[in-house]
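When reading the values below, keep in mind they use all heavy atoms of this one structure, side chains included, and skip hydrogens, waters and symmetry mates. Note that ligands are numbered from 1 as they come in the structure, with each ligand's atoms numbered from 1 the same way.
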Amino acid sequence: MPAERHPDQGAPKTVSPTGRTEREGLLGGDPRAQAGDHLTTAQGLRLSDTDHSLKAGRRGPSLLEDHHLREKITHFDHERIPERVVHARGAAAHGTFVSYGNAASATKAKFLAEKGQETDVFVRFSTVLGSRGSADTVRDTRGFAVKFYTDEGNFDLVGNNIPVFFIQDAIKFPDIIHAGKPHPDREIPQAQSAHDTFWDFVSLHTEATHHVFWNMSDRGIPRSYRTMEGFGVHTFRLQNADGDTVLAKFHWKPVAGVHSLVWEEAQIAAGVDPDFHRRDLADSIENGAFLEYELGLQLFPDTEDETFEGIDLLDPTKIVPEELAPVQLVGKLTLDRNPTNYFAETEQVAFHLGNLVPGIHVTNDPLLQGRLFSYVDTQLTRLGGPNFPQLPINRPHVPVNDNLRDGFHQTAVHRGIAPYLPNSIDGGGPFTSEDGYVEIPTRVDGPKVRENPASFDDHFSQAALFYHSLTPIEQVHITEAFTFELGKCYEQAIKERELEVLAKIDTGLCEAVAAGLGLPAPKGEPVAHGAISPALSQIPAEPGPITGRIVGVVAGPGADVDGIGKLRKALEGAGAVVRVIAPHGGNLGREIVERTFLTARSIEFDAVVVASGVAETPDAGDIKARILLLEAYRHAKAIGAWGDGATVLAGAGIAPGPGVLLGDAPDKEFVAGLVTALGMHRAWERADAVMASEV
Ligand code: HDD
C-alpha cells in the first residue's frame, strides 16, 4: 500500500523541528539528507511501500528478491562505527573565533595575528573514560577539542579542562587508559575512576598524582561546558613573522566563570539526566545564551633548557602558575550553533595535533610526540580508511590540493593523470609555496635512550601546590572525593599505597582520608610546594556574570503571576533563564509551566525561588517540591521567596541565612540580591552548617 501523506502533514521539513539555530551552508546540502519529497532507494528508485516486505502470499515467507528490504536492513546493520577508544562520550557546537590581534608579536598564524580575523570553529567536549552512552556528570577529565578552519588550513587544539596529564610519556597511555576503563572481567564500573585498577595504577605510577588531584577537585565535575576552563596542556613553540620564536601554553577562559557541581548533584544527574551537559550546551545555544571563551597564551622565552622559573616546560605534569606567567588574552570564541546531525558532525569529527598552521609548532614533550602518531592512526579504524579528511566536518575551508589518491570511501573525482611530483604532464603542479609550512630547525642530538630528564622525577610538588592554593571548602571536596573513590576499592593494599602518596602532599588531608577509610594514616614528610597560586581556586572573589544560569520559580494556582513576569524580565535581561515549576503542566495565567514537581529536580537550577501565593495551595507541602528546595539548599545554591512564599521555605525547614533571600515582592532589591548570589555561584558560607546538619 502506498505511504500517503496524512492530511495533518504539512510541507516536508528540511530542518529538525527544534533546530532553530541551524544555518545552511557549512556542511553543504546533500539532497539525500531528507530534503526531497519522495522516498527512494539508495539508487534513487521511488518506492511505493516501505512498511511490508515482499512475501509469497499474505501469510507466506519473505522473498530474497526484495531488494528494498535487504538494502534497508543491511544499511541499518552497519549504521554504527566503533566509538572512540577514549573520549567516546561527547557533544559539540559550531562557532566563530575572533582574534584581538595582539598575538602578532608571538606568532604569525594569521587567525591569531590579524586583528578582527574571524575563523570558523567546531568544538567537541567529552568525558574520557565512559562509553558513548555514559552519563555526562561522572568524575572525570573533560576533553576540549577545537578545530579552527583557518585561511591557512585546519589547526586543531586538542586539549582538556585540566592543564596537566597523568603521564609524561605517550608510551604509558595504553596503561593509564586500561587502568581507568572498566575491569576487563565484568566490565564495571562505567565511566569513572572509583575502582581498584585505576587506583592501583596511579598509586604505583606517581607521576599521575598532580592530574589525580585535579580530578578529585571540583574540576572533575564541571557545572557545564559553559563554565569550564580549557588547556592545551603541552608547551608549543610559536614563531612570528620575523622568525623569532617563543614557547607557549594555550588556555581557554570561560566568560561565564569557572563553576562546578557538587558531588551529590553530579551523582543525582547521572541518573536523573545523564545528558546533563549535552542538554545544557544545546539548550544554551537555543536560548541565545551562547558559550564564550577567551583564548589566552602564557609565553616563555625559547631558551635552550626549555624551562621557566625552574619548571620544565616539556613535562606535561607541570603547570606554570599564572602569577609567574600571566595569561594574555588574544581572542574570543563564541559557540552559537548546534550541529545539524550528531553522527555527521560530532561523531565523525577527527582531531589531530599534527594539524598545524605556520607560526605554531610542536615541541619535544614526549607526550605530545606520541600523540602526533596516535590520532591519525585511530581515525583509520574508527572512520574506516584514509579519506576521513574529506568528511564534511573535517574538510578545511580552503582549497585542498594534495596528491593523495583512492582508498576506502574516496569521494573526490580527481582530475589529471599525474598525481606525483615532479611531473611534466599536468602542468608540473601543484607547486610548493614560499609561504608554506616550514619546521623550525631546532637542534636535535643525543644518544638514543629510553629515559626522562631528571626534572621529570618531581611527582609531588605541584600536586601540593594545587591543593594548598585552594580554599578550605575546595579542600574539603578533595578530601571527600579521595575518601569516596578509595572507599570503592576492594584491595586494602591499594588504599594504603595511595595514603602513602597523600602523606607526601598534606598530613591533614592524609589523616582525614585515612580516618574515612578506617585505616591508620602513614607518617610522611609533605613535600615543599613554594608560593601558592590563587588563580588555581575557582571560587570567585567577586560575583561573575549570570549568562545562561537557570532559576527555577516554584509556583502553582494562586501564585503571583505578575511578580513572576517581573522577575523573569529582570533576570532574562541579565542573561539568565527562568523556568516555572508547578504541580501540573500547562499555563499559570501568562506564564508557561516548563517543569512540574514530577519532572523538576534541583540539579537543573542554579537558584530556586518560591513565588508568593503558593503557600495556601494544597500542593505547597508536596514532598517533591520540598526535596527540590532542600537539595538546592543543601547544595549551597541561592534560595529565595517573596510574600508568603517564605512560609513554604520555612515549612521545608529552610531558615534565613547566607544565600537565602526573602522579600515582599520581586522588586529591584530582591532581583539584585539574587543576581549577586547567582554570580557567586554558591553560598559556601552555609556549607559547613548545612553539610553537618540533618537538612
Ligand atoms: Fe588524546 C582523543 C585530549 C593524551 C590518544 N584526546 C582525545 C580527545 C581529546 C584528547 C580532547 C577527543 C577528541 C574528540 O573530541 O574527538 N589526549 C588529550 C589530551 C592529552 C591526551 C589533552 C594529554 C595532554 N591522547 C593522549 C595520548 C594519546 C592519546 C598520550 C596516545 C598516545 N586521544 C588519543 C586517541 C583519541 C584521543 C586514541 C581517541 C579518539 C581520537 O583520538 O580521535 O588517538
Side-chain angles (χ1 to χ4, degrees), residues 81-94 121-132 136 140-148 154 156-181 205 207-208 210-212 214-215 219 222 225 228-236 249-252 277-278 281 313-319 335 339 342-355 362-363 365-384 388-389 391 393-394:
I81 59 173
E83 66 175 30
R84 288 168 175 79
V85 59
V86 284
H87 297 265
R89 169 89 185 161
H94 295 271
V121 293
F122 187 68
V123 179
R124 184 174 180 273
F125 302 105
S126 49
T127 51
V128 179
L129 290 175
S131 298
R132 235 188 94 176
D136 281 342
D140 195 359
T141 308
R142 300 297 184 289
F144 194 133
V146 184
K147 190 178 283 294
F148 295 85
N154 286 354
D156 292 353
L157 186 55
V158 196
N160 281 339
N161 76 326
I162 288 179
V164 290
F165 207 63
F166 291 109
I167 50 173
Q168 294 164 321
D169 188 317
I171 200 167
K172 296 302 294 175
F173 193 64
D175 298 287
I176 175 66
I177 298 302
H178 287 171
K181 284 276 187 181
H205 195 73
E207 71 196 40
H210 192 190
H211 192 157
V212 166
W214 281 74
N215 278 102
R219 306 279 182 149
Y225 297 136
M228 206 172 76
E229 282 185 306
F231 303 91
V233 181
H234 311 286
T235 302
F236 290 79
K249 282 181 181 288
F250 289 97
H251 294 245
W252 290 109
H277 288 149
R278 185 180 280 200
L281 171 65
L313 297 171
L314 297 195
D315 179 352
T317 67
K318 303 287 189 318
I319 60 159
L335 297 179
Y342 185 89
F343 182 80
E345 299 166 71
T346 313
E347 196 59 11
Q348 293 203 121
V349 67
F351 294 94
H352 172 39
L353 277 90
N355 291 348
V362 297
T363 57
D365 171 343
L367 190 69
L368 195 171
Q369 290 283 317
R371 293 181 74 195
L372 288 169
F373 164 72
S374 179
Y375 288 71
V376 169
D377 183 51
T378 203
Q379 314 304 354
L380 292 175
T381 304
R382 191 170 74 79
L383 298 169
F388 60 86
L391 290 166
I393 193 65
N394 296 324

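Put simply, the side chain of His234 does not reach to within 4.5 Å of the side chain of Val362, judged on heavy atoms. Within the 4.5 Å cutoff, no side-chain heavy atoms of Asp365 are placed close to those of Thr235. A heavy-atom distance below 4.5 Å is not found between the side chains of His211 and Thr317. Residues Glu345 and Phe122 form a side-chain contact, since some pair of their non-hydrogen atoms from C-beta on lies under 4.5 Å apart.
For atom 22 (C) of ligand 1, the nearest protein heavy atom (residue, atom name, distance) is Asn160 ND2, 3.1 Å. The nearest protein atom to atom 41 (C) of ligand 1, hydrogens excluded, is given as Thr378 CG2, 3.5 Å; this is a heavy-atom distance. Among all non-hydrogen protein atoms, the one lying nearest atom 15 (O) of ligand 1 is Arg124 NH1, 2.7 Å. From the protein, the heavy atom lying nearest to atom 30 (C) of ligand 1 is Leu367 CD1, 3.4 Å. With respect to atom 13 (C) of ligand 1, the closest heavy atom belonging to the protein is Phe351 CD1, 3.8 Å. Atom 23 (C) of ligand 1 has its closest protein heavy atom at Phe165 CD1, 3.3 Å. Of the protein's non-hydrogen atoms, the one nearest atom 43 (O) of ligand 1 is Gln379 NE2, 2.7 Å.
Ligand 1 has no nitrogen or oxygen under 3.5 angstrom from a nitrogen or oxygen of Arg382.
Geometric assessment of Lys249 against the ring of Phe231 yields a negative cation-pi assignment under the 6.0 Å and 45° thresholds.
With sequence neighbours left out, Asp175 forms a salt bridge (charged side-chain N to carboxylate O under 4.0 Å, His left out) with Lys172. Listed by chain and number, the residues in a salt bridge (charged side-chain N to carboxylate O under 4.0 Å, His left out) with Arg219 are Glu229 (sequence neighbours excluded). By the salt bridge (charged side-chain N to carboxylate O under 4.0 Å, His left out) test, Lys181 is found to be paired with no residue, residues two or more places apart in sequence or in another chain being considered.
Distances shorter than 2.8 Å separate atom 1 (Fe) of ligand 1 from the protein N/O/S atoms Tyr375 OH.
Residue-ligand proximity, Ala170 to ligand 1, at heavy-atom distances under 4.0 Å covers atoms 32 (C). Distances below 4.0 Å separate heavy atoms of His234 from the following atoms of ligand 1: 24 (C). Applying the 4.0 Å criterion to heavy atoms of Arg84 picks out, from ligand 1, the atoms 14 (C), 16 (O), 40 (C). Close contacts between ligand 1 and Val85 involve ligand atoms 38 (C) [criterion: under 4.0 Å to a heavy atom].
The shell of residues lying under 4.0 angstrom from ligand 1, judged by heavy atoms, includes Gly159.
Of the candidates Asn355, Asp156, Val121, Val123, Val121 is the only one forming a side chain to side chain contact (heavy atoms under 4.5 Å, CB included) with Phe148.
Between Trp252 and Phe144, the ring-plane angle classifies as parallel under the 30° and 60° cut-offs.
Here OG1 of Thr346 is found 7.5 Å from CD1 of Ile393. Values are rounded to the nearest 0.5 Å.
For the residue pair His352 / Gln379, no side-chain donor-acceptor distance below 3.5 Å is found, with atom types taken as modelled.
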